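Structure, as structure tokens:
Please read all numbers here as calculations on a predicted model, not as lab measurements.
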Amino acid sequence: MRATGALSPLAVTPAMREWSASHLGGTGDGTGDELDRLRELQAALAGPGPRALAEVSEPTPSAAEAFARRRADCVGFAFLFVALSREAGIGSRFALSPAVEQVDERGTLRIARRHLAATYAGHVFDLGGESALDPARHQVITDRTALALFFSNRGAQGLAA
């Protein structure tokens with residue numbers, strides 16, 4: 001999937017592709033260990049280790065930026081997780097919390113924060129770990145909606161700066 005303009009938040013770099021192939025076995029064959037492979041991905045990205053990400057509140061990184069810098073907010077983590085899992089042949093999606101978790105006021109700018117995560121087969125993956133998909137806490141959303149959230153974050157962060 002490609003976003004319009006120069007920035008494609010789900011773009012996979014050659015380094016990401018190589019890392020995915022070595023850690024997730026390359027392209028999935030549909031035989032069923034997808035959840036185990038996603039658990040390994042989540043542990044590699046959020047647990048201790050050389051690819052572990054530091055959680056930051058901003059700026060929101062694209063998948064490639066999060067991978068290169070090893071820093072991400074929830075949106076950046078979700079984009080990186082989805083991009084890497086899809087690169088490995090696993091069709092993960094995005095899940096958004098319907099509740100506003102925090103409201104930041106910066107002068108006349110008011111930013112309502114909601115939580116974005118990755119989901120697959122009834123499981124949700126984020127920097128905090130894995131949980132069951134709960135429709136009261138997570139809505140599965142389209143890539144288009146996730147992209148809108150990404151660019152909304154970037155725009156709000158630019159305005160705040």
Side-chain angles (χ1 to χ4, degrees), residues 1-17 19-20 24 38-39 41-47 49-88 90-120 122-161:
M1 171 186 161
R2 292 191 61 88
T4 58
L7 179 63
S8 181
L10 280 169
V12 176
T13 65
M16 292 166 68
R17 190 168 288 114
W19 185 89
S20 176
L24 295 174
L38 292 179
R39 288 179 179 120
L41 175 60
Q42 195 281 330
L45 294 177
R51 187 47 53 197
L53 300 176
E55 186 171 7
V56 295
S57 61
E58 53 187 61
T60 295
S62 66
E65 291 165 341
F67 185 83
R69 297 177 188 155
R70 297 183 182 145
R71 302 171 61 83
D73 60 359
C74 67
V75 175
F77 177 85
F79 272 81
L80 177 58
F81 191 94
V82 168
L84 289 173
S85 63
R86 288 179 181 175
E87 181 65 24
I90 303 169
S92 62
R93 298 182 64 196
F94 294 99
L96 181 65
S97 167
V100 172
E101 295 184 356
Q102 179 182 350
V103 175
D104 294 340
E105 294 191 31
R106 298 181 186 181
T108 59
L109 182 63
R110 196 162 186 247
I111 302 170
R113 297 188 183 272
R114 293 169 58 188
H115 184 69
L116 187 67
T119 185
Y120 180 78
H123 297 261
V124 174
F125 299 90
D126 61 20
L127 279 164
E130 176 189 354
S131 61
L133 179 68
D134 177 355
R137 296 185 321 129
H138 306 103
Q139 298 173 271
V140 177
I141 60 171
T142 65
D143 283 8
R144 188 176 189 156
T145 300
L147 284 168
L149 291 167
F150 174 87
F151 287 112
S152 175
N153 271 20
R154 285 279 182 105
Q157 291 161 0
L159 286 171

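Between C74 and D126 there is no side-chain heavy-atom pair separated by less than 4.5 Å. Under the 4.5 Å side-chain criterion, counting only non-hydrogen atoms from C-beta, R114 is in contact with Q139. No side-chain heavy atom of P59 sits less than 4.5 Å from a side-chain heavy atom of E65. A 4.5 Å side-chain heavy-atom check between D73 and Q157 finds at least one atom pair inside the cut-off. Here the side chains of L133 and V140 are in contact, with some heavy-atom distance below 4.5 Å. Contact of the H138 side chain with the S131 side chain is registered, since non-hydrogen atoms from C-beta on lie closer than 4.5 Å. Here the side chains of V124 and D134 are not in contact, with every heavy-atom distance at 4.5 Å or above. Looking at V12 and F67, their side chains never come closer than 4.5 Å, going by heavy atoms from C-beta outward.
L45 CG to L53 CG: the interatomic distance, rounded to the nearest 0.5 Å, is 5.5 Å. Separating the CZ atom in F125 from the CG atom in L38 is a distance of 5.0 Å, to the nearest 0.5 Å. Atom CZ of F77 sits about 9.0 Å away from atom NE2 of H115, to the nearest 0.5 Å. Considering OG1 of T119 and CD of E130, their distance stands at 10.0 Å, rounded to 0.5 Å. One finds the CZ atom of F79 at 13.0 Å from the CG atom of L84 (value rounded to the nearest 0.5 Å). Separating the CG atom in L41 from the OH atom in Y120 is a distance of 13.0 Å, to the nearest 0.5 Å.
Nearest heavy-atom pair, V82 versus A118, reported as atom, atom and distance to 0.1 Å: CG2-CB, 3.8 Å. Minimum interatomic distance between A52 and G47 (heavy atoms only, all atoms of both residues): CB-O, 2.6 Å. Here the closest heavy-atom approach between residue T13 and residue A64 is recorded as CG2-CB, 3.6 Å. A66 and G76 get closest at one heavy-atom pair: CB-O, 4.1 Å. Taking all atoms of both residues into account, the shortest heavy-atom contact from R137 to A132 is NH2-O, 4.1 Å.
Other residues, nucleotides and ligands contribute only 12 or fewer heavy atoms inside 6.0 Å of the CZ atom of R71.
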*Decide yes or no on side-chain contact (heavy atoms from CB on, under 4.5 Å) for E87 and L24, but give the supporting numbers first.*
CA-CA 9 Å; E87 181 65 24; L24 295 174; over 6 Å; no
*Between F150 and L7, does a side-chain contact (heavy atoms from CB on, under 4.5 Å) hold up when you go through it step by step?*
CA-CA 11 Å; F150 174 87; L7 179 63; 3.4 Å; yes
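Looking only at distances, a side-chain donor or acceptor of R86 sits under 3.5 Å from a matching main-chain atom of S92.
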